[in-house]
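What follows is one structure encoded as structure tokens, with my remarks underneath.
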2 protein chains.
Amino acid sequence: MRYPNGQSFTGLPHRRNKRPKKTVYGKRGMRLEEMLNQSNAYYREHGIAIIHKKPTPIQVVKVDYPKRSRAVIKEAYYRQASTTDYNGVYRSYYIDFEAKQTDLKQHFPLQNIHDHQISHMQACYDQGGICFLVIHFKQLALSYLYPFEALIEDWQAYQSKESNKIPLERIKSLAYPIQSGYMPALDYISALDAYINNLEKEVK
Amino acid sequence: MRYPNGQSFTGLPHRRNKRPKKTVYGKRGMRLEEMLNQSNAYYREHGIAIIHKKPTPIQVVKVDYPKRSRAVIKEAYYRQASTTDYNGVYRSYYIDFEAKQTDLKQHFPLQNIHDHQISHMQACYDQGGICFLVIHFKQLALSYLYPFEALIEDWQAYQSKESNKIPLERIKSLAYPIQSGYMPALDYISALDAYINNLEKEVK
């Protein structure tokens, strides 16, 4: 049996081992985003929550307008985002989050987070928005909704060079676990319900 | 004196008259977006509201990775957006809006609005978000915050082919006027305050 790329089928485990590591990482990198996109589509279709991933900001430099066909961008560059990747509305709340994954099993490395993401979440939090990090431990197949109130403490320790990671134990004690499944792939809205219910209890 | 395009300088008013109308429209098209971007930057810098324009969605097809320099996108296409252009958080509310302008003086033509923009606003509204249209009458130099509750009535009349426009008089009676100035260029947050105060009054 031959595949379109001309390679013959040599058995799945073997092929998997032969894959260059970079490709594996890239595929795994997509997986969290795909799971969230699928979950968001599910939430939207069922009227549960309206959350979208923001488009990647691109600086367009040159565009061709061929006759009788659509515009073709011929030169463009990726720009640095100034916000987080996901936002929307749920239970009348403004929701804003960033999603990150790690191959590590004992902690989440804070270098995965960018300064502008923290500043943006802080600004949204100050305005009454609900902000958090979705942390996915790939090797453990565990995901968490980690509230901004906890994250900002870790970030301050990171900025003052006290610590550069969040231990898994701390995440387990402060985060809301996210169940994974078929539909939605990552049911972070159920975790968000638990978080919002706690926030509303505090206010009362 | 000659310009890079080979044309000699023939005086500014003359050149302005000779400009193709399309270019003039393009420039005017930018103005509302620029005014809103400047206003949003002002609101963010002063901690008043956190509202961003979403990046234009672009489908990237081909990317070059030149050695020792950043990635260059060599082929890409504009995609249809599935949401509105602006969203964010203000006074704990999820804010979502689209901005449109017209050259007309007596009404706003509904063909300027896309179906996906209405569906998205309806979904956000159902989830408790605050949705509206910023309408800018260029020739009149007047801008309005037109609530989604009013817009959806016009849209339904448009879908049933009863009417294809919103008369200025209706806008004046249902919208919140937006003052323009130096900083912010379009103070739509003051108009939003009036709208939110009315909504909160209704709830009480």
Side-chain angles (χ1 to χ4, degrees), chain A residues 40-41 43-66 69-96 119-131 189 199 203, chain B residues 40-41 43-66 69-96 119-131 189 199 203:
Chain A
N40 287 338
Y43 293 139
R44 287 196 303 267
E45 281 156 24
H46 292 76
I48 295 167
I50 308 301
I51 316 258
H52 284 268
K53 182 176 189 295
K54 286 183 206 165
T56 306
I58 288 173
Q59 177 76 43
V60 175
V61 174
K62 212 170 86 187
V63 187
D64 269 10
Y65 299 93
S69 72
R70 63 181 174 153
V72 188
I73 297 162
K74 287 292 197 183
E75 185 186 350
Y77 299 89
Y78 291 106
R79 278 191 298 140
Q80 172 79 296
S82 56
T83 66
T84 50
D85 271 355
Y86 300 87
N87 79 353
V89 57
Y90 175 61
R91 281 171 59 177
S92 299
Y93 288 104
Y94 173 79
I95 307 301
D96 198 295
S119 317
H120 173 71
M121 280 196 260
Q122 179 74 66
C124 292
Y125 180 83
D126 291 344
Q127 202 52 245
I130 293 193
C131 307
I189 288 289
L199 287 173
V203 171
Chain B
N40 287 338
Y43 293 140
R44 287 196 302 268
E45 280 157 24
H46 292 76
I48 295 166
I50 308 300
I51 317 258
H52 285 267
K53 182 177 189 294
K54 286 183 206 163
T56 307
I58 288 173
Q59 178 75 44
V60 174
V61 176
K62 211 172 86 188
V63 186
D64 270 10
Y65 299 93
S69 71
R70 62 180 176 156
V72 188
I73 297 162
K74 288 292 198 181
E75 185 186 350
Y77 299 89
Y78 290 106
R79 279 191 298 140
Q80 172 79 295
S82 56
T83 65
T84 51
D85 271 356
Y86 300 88
N87 78 354
V89 57
Y90 175 62
R91 281 172 59 177
S92 299
Y93 288 103
Y94 172 78
I95 307 301
D96 198 296
S119 318
H120 174 72
M121 279 196 262
Q122 179 74 63
C124 292
Y125 181 82
D126 291 345
Q127 204 49 249
I130 293 192
C131 307
I189 288 289
L199 288 174
V203 172

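In the text below, chain A, chain B and the rest are named by the order of the sequence lines, each starting its count at 1. Values reported hereafter were calculated over all heavy atoms of this structure, with side chains retained and with hydrogens, waters and symmetry mates removed.
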Discussion item. To the closest 0.5 Å, what do you measure between CD1 (A:Ile50) and CG (B:Asp126)?
Written reply: 8.0 Å
Response to the item:
Of the listed A:His120, A:Arg79, A:Lys54, the one with the largest count of heavy-atom pairs under 4.5 Å with chain B is A:His120
Discussion item. Looking at every non-hydrogen atom in both residues, tell me the closest pair between B:Gly88 and A:Tyr94 and how far apart they are.
Written reply: O-CD1, 3.3 Å
Worksheet entry | Spacing of NZ belonging to B:Lys62 relative to NZ belonging to A:Lys74, to within rounding of 0.5 Å | 7.0 Å
Worksheet item: chain A heavy atoms under 4.5 Å from B:Ile48: which part of the residue, side chain, backbone, both or neither?
Response: backbone
Discussion item. Just so I understand: if I count every heavy-atom pair under 4.5 Å between each of B:Gly47, B:Gly128, B:Ala49, B:Gly129 and chain A, which residue has the most?
Written reply: B:Gly128
Discussion item. Looking at B:Tyr43, I want to see if its OH is surrounded by more than 12 non-hydrogen atoms of other residues, nucleotides or ligands under 6.0 Å.
Written reply: yes
Worksheet item: About how many Å separate SG of A:Cys124 and NE2 of B:His52, when rounded to the nearest 0.5 Å?
Response: 6.5 Å
Discussion item. If I take atom CD1 from residue B:Ile73 and atom CD1 from residue A:Ile58, how far apart are they, to the nearest 0.5 angstrom?
Written reply: 4.0 Å
Item to complete: Tell me, yes or no, whether the heavy-atom count around B:Tyr86 atom OH, taken from other residues, nucleotides or ligands under 6.0 Å, exceeds 12.
Response: yes
Practice prompt. Could you please spell out the steps behind the side chain to side chain contact (heavy atoms under 4.5 Å, CB included) verdict for B:Thr56 and A:Val60?
Written response: CA-CA 10 Å; B:Thr56 307; A:Val60 175; over 6 Å; no
Discussion item. Which heavy atom of B:Val89 sits nearest to which heavy atom of A:Gln127, and what is that distance?
Written reply: O-CG, 3.3 Å
Practice prompt. Against chain B, label A:Val61 side chain, backbone, both or neither, depending on which of its atoms sit under 4.5 Å from a heavy atom there.
Written response: neither
